[in-house]
Chemist: 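The structure follows.
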Amino acid sequence: MAVDNLSLQIIADALEEQMKGAYLGSPLALSPHDFALPYSLKEGDEVKKHGTFLFSLDPTNPFACYSLERYTKIIDNSSFFNNLRRLSMGKVLSVKKYPGERILTLKIEPNHNDISEVHSAYDLVLELFPNRPNVYLIGYPEERIVAVYHEHTDIEKGIFLTKNAVYQYPDPRGTLPLNLNDPEEARPYLPNATLRRLKHYVLDEGHDLKETLAKMVNSKDLYVIRKDILSFSFDDPEAKKVEVSSLYSTFVSDQKEIARYEKIKDLLKRIEKAVKTAEKKKENLGNDLKTAHDRLVYKDYGQEIYLYQAEIQKGDVLLEKDGYKIPLSPKLTVSQNANAYFHKYQKAKSAITILGDLIQKTEDEITYLQKKKMEVEDGTPRDIQELKSELLEEGYIKEKQGRNTVYKVSKKHRYEPHYVIVPEGKIGYGMNGLQNETLTFTIAKKEDLFFHVKDYPGAHVVLLEGKENPRMKELAAELAVHLSHLDNGTVMIAKIKDVKKNPNKIGLVNILRYETIVVHDIPKEDLKLFSQKSSTN
C-alpha cells in the first residue's frame with residue numbers, strides 16, 4: 001500500500017516546514033525509480049536549513065520525504081531527469097497535499113538569472129498511487145506538462161497525460177469524518193490496506209471507532225508496518241515509529257550499494273552474456289569432439305574393406321563383417337572406398353587435437369570471464385575503469401563515444417594492486433587482470449609466495465612480506481578464498497618463480513609446482529580486515 005492519505009498529510013506538513021523558502025540544487029538520480037533534490041535555506045551568509053528532498057516511484061512503495069543524509073548518484077540521461085534540472089536554483093514556494101488524494105505538489109519559482117529559462121513558475125506534482133506512481137513538471141503560465149516520468153494516454157477514457165498536455169487534478173474528496181458509526185463508511189477515504197487494519201482494530205479487537213478515527217486524523221507521527229506508511233500504529237507489534245527525515249533509510253538500507261550496482265549492471269550483463277556464449281561454444285566443441293572420437297572407427301572400416309576386398313562385388317553398398325556394418329559407395333573401387341575411410345580417420349584424428357586445444361582455450365575464457373564478474377562486483381571505481389580497458393583490449397567491449405566513452409588506459413599507467421598491511425607482514429592482491437599481472441610479474445620477487453584457490457576463479461594473492469610467519473600464510477590463504485566469494489576451500493601456494501603467464505587471457509596463469517592449504521572458515525576479524533579497501537601503495 002505504501003503511503004496513505006493521512007500519513008501523506010504528515011509528510012507534506014514536514015516538507016512545508018523544512019523546504020518553504022529554500023533553494024533547490026541540482027537533481028540526483030539515486031536508482032532507476034528514486035530521485036532527489038538537495039535544498040538549502042539561507043539567511044544572509046548563514047545556512048539555516050539544508051537537506052535533500054526525496055521521492056521514490058517504486059510501484060510497490062511510492063512515497064516522498066526529506067533527509068539529512070548524503071547519497072550516491074547514478075547516471076540518468078532520460079528526458080524526465082534532464083528536465084528536472086530546470087528546478088536547479090529554484091525557490092520552493094510551498095509544499096501541499098491535494099485534498100483527499102495521495103498527490104503532493106511543490107510550487108517552485110525558477111531561477112530567473114538563467115537566460116534559457118522561459119517559464120514563470122513550476123509545479124512538481126507527485127502522484128504517489130501504488131502500482132502507478134507518476135511525476136509531472138508543469139510550466140507556467142501555459143500550465144502545460146513540461147516533463148513526465150511515465151506518459152499515460154487512454155483515448156477511450158480521454159486521458160492524455162503527455163508532454164505539452166494540460167494536467168488535470170482529480171475531483172477533490174473530503175477528509176475522513178470522525179463521526180462514523182461503522183468502519184465500512186470510511187471506505188471512500190482510506191485505501192484498502194488501512195481500511196482492513198481499521199476493521200480488525202475496531203470489530204475484532206473491540207476498540208472504539210470514533211476514538212480511533214480521531215487518533216488517526218490528529219496524529220503527527222508516522223508508523224511503518226512492513227511497507228505501509230500510516231498515521232496510527234493500530235497497536236501492531238511490528239509497527240515502527242519513524243521520522244519523516246528517516247523514512248527513506250527505513251526502506252532503502254544501502255543506497256550506495258544500489259547506486260553502485262546501477263553503475264556496473266550493464267558491464268555485468270555484458271560479461272554474463274559472454275560467459276553464456278563461451279559455455280555454448282564449449283558445449284558445441286564437446287559435441288564435435290565426441291563426433292571426432294566416434295569417427296576413429298573409420299580406420300577399422302578401411303582395414304576391414306582391404307581384409308575382405310575379395311568378397312566385395314561391384315555395386316555393393318554395404319559390407320557386414322566382424323560386427324561392423326560398413327557403407328560402401330558403388331561408384332568407387334574397393335581401394336577408393338578404403339582410402340576414403342582412412343582419409344576421414346586422419347581428419348578425425350587431427351580434429352581431436354585441434355578441438356582439445358580449443359576446448360582448453362574456451363575453458364580458460366570461461367574462467368577468465370568468471371573472474372571478471374567477481375572483479376566488477378568487488379572493484380573500486382579505479383579497478384573497474386582499468387577492467388574496462390582490459391576488456392576493451394580483449395575485445396569484449398567496444399570503444400564508445402560520448403558520455404559513456406570507454407578509453408584505453410595510458411600505456412604509462414601503473415596498474416597498482418591493493419594491499420593488506422599488518423604488523424606481521426604485507427599481502428598484495430589484484431582486482432583486475434592487469435593488476436594481477438603487475439603484482440605477480442613486476443612487483444613480486446621470485447621467492448615471494450603466490451596464493452590462489454584451486455580449480456576456481458579468483459584474484460592473485462601474493463605474500464610480499466612475512467613469508468616465514470605461519471599467521472601471514474594463513475591470512476593470505478583466507479584472503480584468496482574471500483576474493484573468490486567462498487567461505488572455505490583448498491588454496492594452492494607456489495613460489496612466484498613457479499608461476500607462469502597463460503597466453504590465452506590477461507591475468508591467467510599456469511602453476512608448475514605448488515603445495516596446498518585448506519581454509520575451513522574465515523574468522524570475523526579477518527573478514528573485517530579484508531573489507532577495508534586498502535590504499536594502493
Side-chain angles (χ1 to χ4, degrees), residues 27-36 56-58 69-78 81 248 251-279 365-410 413 415-418 429-439 456-461 479 482-486 505-508 527 530-536:
L28 307 173
L30 307 185
S31 80
H33 48 64
D34 292 352
F35 302 90
S56 175
L57 302 178
D58 181 349
E69 298 180 14
R70 300 178 69 87
Y71 298 95
T72 302
K73 66 181 180 179
I74 66 170
I75 295 174
D76 188 334
N77 291 320
S78 66
F81 180 76
Y248 189 76
F251 294 115
V252 183
S253 58
D254 194 345
Q255 186 272 328
K256 288 185 178 180
E257 185 58 31
I258 292 173
R260 184 181 180 282
Y261 175 74
E262 287 299 318
K263 291 177 181 178
I264 65 173
K265 71 176 184 180
D266 287 341
L267 186 57
L268 278 175
K269 287 179 180 178
R270 195 181 294 267
I271 292 171
E272 288 166 354
K273 182 179 179 180
V275 169
K276 289 180 180 178
T277 300
E279 288 175 340
E365 181 180 17
I366 293 170
T367 299
Y368 172 81
L369 290 168
Q370 288 171 337
K371 288 178 70 172
K372 298 308 109 180
K373 185 172 183 293
M374 292 180 183
E375 290 164 4
V376 171
E377 291 171 347
D378 296 340
T380 65
R382 175 183 72 89
D383 299 330
I384 293 172
Q385 182 57 38
E386 292 175 351
L387 175 58
K388 287 180 179 179
S389 179
E390 177 187 333
L391 293 173
L392 189 64
E393 187 174 336
E394 289 286 355
Y396 290 104
I397 59 177
K398 295 181 180 179
E399 193 165 347
K400 295 181 180 180
Q401 300 301 320
R403 188 164 184 166
N404 296 322
T405 299
V406 178
Y407 296 108
K408 285 186 178 180
V409 177
S410 168
H413 179 82
Y415 296 95
E416 190 67 42
H418 295 264
Y429 63 96
M431 292 303 295
N432 55 58
L434 296 165
Q435 287 182 19
N436 282 332
E437 291 200 348
T438 299
L439 171 65
Y456 203 82
H460 292 197
V461 176
L479 179 58
H482 174 68
L483 293 173
S484 293
H485 294 188
L486 299 173
K505 290 293 176 185
I506 294 173
L508 293 187
L527 287 172
F530 300 154
S531 68
Q532 299 169 357
K533 276 280 187 289
S534 65
S535 59
T536 55

Chemist: Is a salt bridge present between E390 and K372, judged by a nitrogen-to-oxygen distance below 4.0 Å?
Modeler: yes
Chemist: Check side-chain hydrogen bond (donor to acceptor under 3.5 Å, both in side chains) between T277 and all other residues, then give those that pass, not counting sequence neighbours.
Modeler: none
Chemist: Drop me the distance from S389's OG to I384's CD1, to the nearest 0.5 angstrom.
Modeler: 14.0 Å
Chemist: By side-chain hydrogen bond (donor to acceptor under 3.5 Å, both in side chains), which residues pair with N432, not counting sequence neighbours?
Modeler: E386
Chemist: Spell out, as yes or no, whether a donor-acceptor pair under 3.5 Å connects the side chain of S484 to the backbone of L486.
Modeler: no
Chemist: Roughly how far, to the nearest 0.5 Å, is OG of S531 from CG of D378?
Modeler: 11.5 Å
Chemist: Between E262 and K265, does any NZ, NE, NH1 or NH2 come within less than 4.0 Å of an OD or OE carboxylate oxygen?
Modeler: yes
Chemist: At what distance, to the nearest 0.5 angstrom, does CD of E375 lie from OG1 of T380?
Modeler: 11.5 Å
Chemist: Looking at residues at least two apart in the chain, or sitting in another chain, which of them share a ring-ring contact (aromatic ring centres under 6.0 Å, His included) with Y71?
Modeler: Y248
Chemist: Run the side chain to side chain contact (heavy atoms under 4.5 Å, CB included) test on R382 and H418 for me, step by step, so that the C-alpha distance in whole Å, both residues' side-chain angles and the decisive distance to 0.1 Å come before the verdict.
Modeler: CA-CA 11 Å; R382 175 183 72 89; H418 295 264; 3.6 Å; yes
Chemist: Check salt bridge (charged side-chain N to carboxylate O under 4.0 Å, His left out) between K73 and all other residues, then give those that pass, not counting sequence neighbours.
Modeler: none
Chemist: Using side-chain heavy atoms (C-beta onward) and a distance below 4.5 Å, is L30 in contact with T72?
Modeler: no
Chemist: What pairs with E377 under side-chain hydrogen bond (donor to acceptor under 3.5 Å, both in side chains), at least two apart in sequence or on another chain?
Modeler: K373
Chemist: Answer yes if the side chains of S56 and D58 hold a donor-acceptor pair under 3.5 Å, and no otherwise.
Modeler: no
Chemist: For a 4.5 angstrom cut-off between non-hydrogen side-chain atoms, does N436 reach Y415?
Modeler: no
Chemist: Look up atom CG in L434 and atom CG in L391, then write down how far apart they are to the nearest 0.5 Å.
Modeler: 9.0 Å
Chemist: For E365, enumerate each residue passing the side-chain hydrogen bond (donor to acceptor under 3.5 Å, both in side chains) test, keeping only those at least two apart in sequence or located in another chain.
Modeler: Y396
Chemist: Step by step, would you call K263 with I75 a side chain to side chain contact (heavy atoms under 4.5 Å, CB included)?
Modeler: CA-CA 7 Å; K263 291 177 181 178; I75 295 174; 6.0 Å; no
Chemist: Can you list the steps and then say if E416 with Q435 is a side chain to side chain contact (heavy atoms under 4.5 Å, CB included)?
Modeler: CA-CA 6 Å; E416 190 67 42; Q435 287 182 19; over 6 Å; no
Chemist: Heavy atoms, side chains only, cut-off 4.5 Å: are L483 and Y429 in contact?
Modeler: yes
Chemist: Look up atom NZ in K273 and atom CG in L268, then write down how far apart they are to the nearest 0.5 Å.
Modeler: 15.0 Å
Chemist: Please report the interatomic distance CD(E272) to CG(L369), rounded to the nearest 0.5 Å.
Modeler: 11.0 Å
Chemist: Kindly determine whether D383 and K388 satisfy side chain to side chain contact (heavy atoms under 4.5 Å, CB included), including the steps that lead there.
Modeler: CA-CA 9 Å; D383 299 330; K388 287 180 179 179; over 6 Å; no
Chemist: Side-chain contact, heavy-atom cut-off 4.5 Å: M374 with P457?
Modeler: yes
